[in-house]
Amino acid sequence: MLRTGLMILVLGLISHGVILAQRTSGVQPEKIIGMYIHQHWPYNHPYCARTWTLNDWRGYAGGLKLIGYNTILIWPVLETMPDPLTPSDKANLEKIRKVIDALHKELGLRVYIVLCPNVAADDAAASKYTFETRHFFSCDIRINPGDPAAMEKMIRFRETIFKPLRMADGVAIIDSDPGGYVGSTNQEFVNLLGAHRKMFDRLRPGIELIYWMHAGWEAYNNYYKTGKLVLGSDAEHMDCLRRLKDLNPEPWGVANGYAYANQLGIENKVISFNYGRIEGEPSFPLTNFGGDLAYEGGKLPGPRGVMGNAQTHCVQLPNTFAFVRGALGQPVKEIDYLQFADALLPGFGVTILTAWQALQGGSASTMRSVADSLEQAEDPRIAGGPLKGLLFASPQRFVHDLVLMLRYKAAREDFANASQSGSDIKAPFKAFVDAAENWSKQHGYKNAWDLGRAHAALAKLNHPAINECLARFSYEMTAADPNPSAPPYERIHENLKHMETFVPRLLKAMRQAADEMK
């Protein structure tokens with residue numbers, strides 16, 4: 001148990017003020033150290049940010065500020081809101097308006113918003129769902145940037161729904177996923193950005209426009225045409241950025257693309273969006289711990305700073321901490337994680353750190369042993385520490401999540417080991433199904449699922465229902481596509497839509513297979 005005697009002795013020497021004072025003393029750094037709050041997929045509270053209350057936002061953002069973050073980037077998923085808005089869409093816009101106000105006035109944080117370039121709602125499909133339960137690819141359409149009338153209609157509706165959010169410091173518009181249109185050019189994309197610039201100026205002059213450089217506009221459009229994703233070339237990225245520089249939609253900035261911006265003499269506009277360092281997406285919820293990915297991501301800022309991202313924020317606390325430590329140029333050793341964990345739950349720092357380390361390891365027996373120990377800490381009297389806002393007002397839920405994740409991953413490893421060794425897999429498979437169902441019921445996430453070595457073990461079962469699920473475990477075009485003669489964009493979009501319910505479909509198939517085992 002993590003050299004328990006030594007660590008308890010060390011823990012006794014730690015005061016919460018040590019780890020927090022490094023963040024709260026002095027003037028807030030000028031450079032951005034940000035967290036992207038991604039809201040694409042609907043699932044349970046508090047795992048999915050769509051479900052957060054205003055107090056959840058206050059608590060989580062307050063915890064981020066204490067450890068060194070100073071900027072929040074929010075994707076409010078305006079793109080799939082129908083016209084007319086449902087009551088839940090109206091309520092969400094009002095909530096995000098209050099969030100922006102609270103983060104500004106109460107916490108002194110910068111707040112940016114994300115928009116997809118040319119995505120709008122299929123009004124009839126979108127209106128069937130509440131905002132909290134709506135799947136993105138079940139009700140989105142693409143607007144042709146080369147069609148002036150269609151673009152004017154989209155911008156006019158966006159202006160209406162963005163009005164409550166106009167006090168945001170800026171808006172980041174991505175050049176690709178999700179977005180794009182077959183055959184559209186860089187000039188049309190820059191025109192689209194210019195149309196947003198005019199819209200922002202009408203709502204509140206001073207809203208910064210951020211060009212989020214990612215796969216490349218023309219490259220992503222070609223993906224929709226051919227079905228093969230090839231990232232944009234240097235020439236394509238330079239062409240788009242040069243056109244935007246010529247437009248000069250002040251105030252504006254650039255996310256990523258430092259090398260291109262440097263060649264154009266606008267490198268001082270660049271923020272690094274170091275994507276996937278804290279958590280990839282879409283990701284089946286499971287705490288990431290250890291390694292240098294998050295820390296090094298934080299250490300690679302652009303001239304204006306750095307932005308990290310997570311999908312299930314309440315389970316990615318260690319990497320959230322590692323990223324900001326990198327951004328601040330401070331170490332993230334075992335003692336630092338221990339301080340952080342104890343500031344979450346005073347007196348349980350060793351226990352929490354042990355759980356994070358066990359999750360990173362591959363020993364199923366260790367995971368089960370740590371889970372047994374953690375269950376003793378599931379006490380309703382447990383109170384959070386200085387960083388309790390990161391726990392979303394439920395220390396008990398946080399501890400219970402660790403138990404469920406440890407039991408899930410232990411069962412997954414047992415099943416994979418049994419399959420690989422040729423042992424009897426009936427008992428370990430059923431235990432894996434039980435553990436996967438228990439953890440999935442807790443968080444409710446439905447999209448992609450990284451099964452690790454269990455993927456091969458499931459395929460080896462050769463069960464028809466499981467085979468059917470795994471055959472379309474892809475966002476790309478596959479031989480299992482139901483309409484292989486359809487244009488690539490339609491096939492890609494259908495697979496994106498299909499994947500949005502992958503977890504419950506696979507769980508159902510796994511349960512069927514387990515029940516049929518003799």
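- Residues forming a side chain to side chain contact (heavy atoms under 4.5 Å, CB included) with Asp83 (at least two apart in sequence, or on another chain): Asp123, Phe157.
- Applying the salt bridge (Lys or Arg N to Asp or Glu O under 4.0 Å) test to every pair with at least one member in residues 451-463, sequence neighbours left out, gives these pairs: Glu413-Arg453.
- Between His313 and Trp52, the gap from one ring centroid to the other is short of 6.0 Å.
- In this structure, the side chain of Trp439 engages the main chain of Pro285 through a donor-acceptor pair within 3.5 Å.
- Listed by chain and residue number, nothing satisfies the ring pair (Phe, Tyr, Trp, His ring centres under 6.0 Å) test with His135 (two or more places apart in sequence, or in another chain).
- Checked against a 6.0 Å centroid threshold, the rings of His443 and Phe284 count as neighbours.
- By the side-chain hydrogen bond (donor to acceptor under 3.5 Å, both in side chains) test, Arg97 pairs with Glu94, sequence neighbours left out.
- Legend: salt bridge (Lys or Arg N to Asp or Glu O under 4.0 Å) pairs involving residues 426-443, not counting sequence neighbours, sorted by first then second residue: Asp434-Arg511, Glu437-Arg511.
- Between the side chain of Ser88 and the backbone N or O of Phe131 there is at least one donor-acceptor pair closer than 3.5 Å.
- Contact detail for Ala355 and Val370: the closest heavy-atom pair is CA-CG1, 3.7 Å.
- Screening residues 216-235 for salt bridge (Lys or Arg N to Asp or Glu O under 4.0 Å), with sequence neighbours left out, gives no hits.
- Residues forming a side-chain hydrogen bond (donor to acceptor under 3.5 Å, both in side chains) with Thr133 (at least two apart in sequence, or on another chain): Thr130.
- To the nearest 0.5 Å, atoms OG (Ser440) and CG (Leu507) are separated by 4.5 Å.
- The one candidate from Phe323, Trp212, Phe273 that meets the ring pair (Phe, Tyr, Trp, His ring centres under 6.0 Å) condition with Tyr36 is Trp212.
- The shortest side-chain heavy-atom distance between Leu406 and Val403 does not fall under the 4.5 Å cut-off.
- Inspection of the Gln442 and Tyr47 side chains reveals an N or O donor paired with an N or O acceptor under 3.5 Å.
- Checked against salt bridge (Lys or Arg N to Asp or Glu O under 4.0 Å), Arg407 has the following partners two or more places apart in sequence or in another chain: Asp372, Glu375.
- Residues Ala125 and Ser138 approach most closely at CB-O, 3.8 Å, considering heavy atoms.
- Minimum heavy-atom separation, Leu64 to Thr320: CD2-CG2, 3.7 Å.
- In this structure Asp56 satisfies the salt bridge (Lys or Arg N to Asp or Glu O under 4.0 Å) test with no other residue, sequence neighbours excluded.
- Here Tyr295 pairs with nothing under the ring pair (Phe, Tyr, Trp, His ring centres under 6.0 Å) rule; sequence neighbours left out.
- For Asp450, the salt bridge (Lys or Arg N to Asp or Glu O under 4.0 Å) criterion is met by no residue, not counting sequence neighbours.
- Side-chain atoms of Glu500 never come within 3.5 Å of backbone atoms of Asn447 as a donor-acceptor pair (strictly under, hydrogens ignored).
- With sequence neighbours excluded, the residues forming a salt bridge (Lys or Arg N to Asp or Glu O under 4.0 Å) with Arg368 are Asp414, listed by chain and number.
- No side-chain heavy atom of Tyr408 sits under 4.5 Å from any side-chain heavy atom of Leu359.
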